[in-house]
Amino acid sequence: MVKVTFISSNGERIAAEGKAGDRLLSAGQAAGMPLEGTCEGQMACSTCHVVVAKAWFERLPRASEDEEDMLDLAAGVRRTSRLACQIELTAELDGLEVNIPGESHDMQRR
Ligand code: FES
């Protein structure tokens, strides 16, 4: 299993895990994270937006142009924002840390 940690908008750390090949989105949903994933991975909603910890961001395969376009529309986007439905869990990502953006707690808006 690939272990990932979600950090909620109030700083709580939630451990989750998924199988290699699973999407980060489904691991997050299984752990009860508020990631709607309305379009089920079609890159048409951005409700699966997460902010990846810097050290991990560089280790992820780059976002496609479609993903970048969708992220432009997401609230509270940061430099290391990604769509969780586009991140495939692999053994190399064991230990991955991502933040759940909370619109009302967004640092850019405080
Ligand atoms: Fe809609 Fe990821 S689930 S963009």
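Remember, predicted model here, so these are calculated numbers, not experimental data. The basis for the numbers below is simple: all heavy atoms, side chains too, and nothing from hydrogens, waters or symmetry mates. We count ligands from 1, going down the list as the structure has it; atoms in each ligand are counted the same way.
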Just by distance, no angles: are the side chains of D66 and S64 close enough, under 3.5 Å, to form a donor-acceptor pair? no
Hey, could you give me the CG/CG distance between L93 and L60, rounded to the nearest 0.5 Å? 5.5 Å
Hey, could you give me the CZ/NZ distance between R79 and K54, rounded to the nearest 0.5 Å? 7.0 Å
Does one hydrophobic cluster hold both [X] and [Y], with members joined at side-chain heavy-atom distances below 4.5 Å?
{"X": "L35", "Y": "V51", "result": "no"}
{"X": "L25", "Y": "M70", "result": "no"}
{"X": "V50", "Y": "L83", "result": "no"}

How about atom 2 (Fe) of ligand 1, which protein N, O or S atoms come within less than 2.8 Å? C48 SG, C85 SG
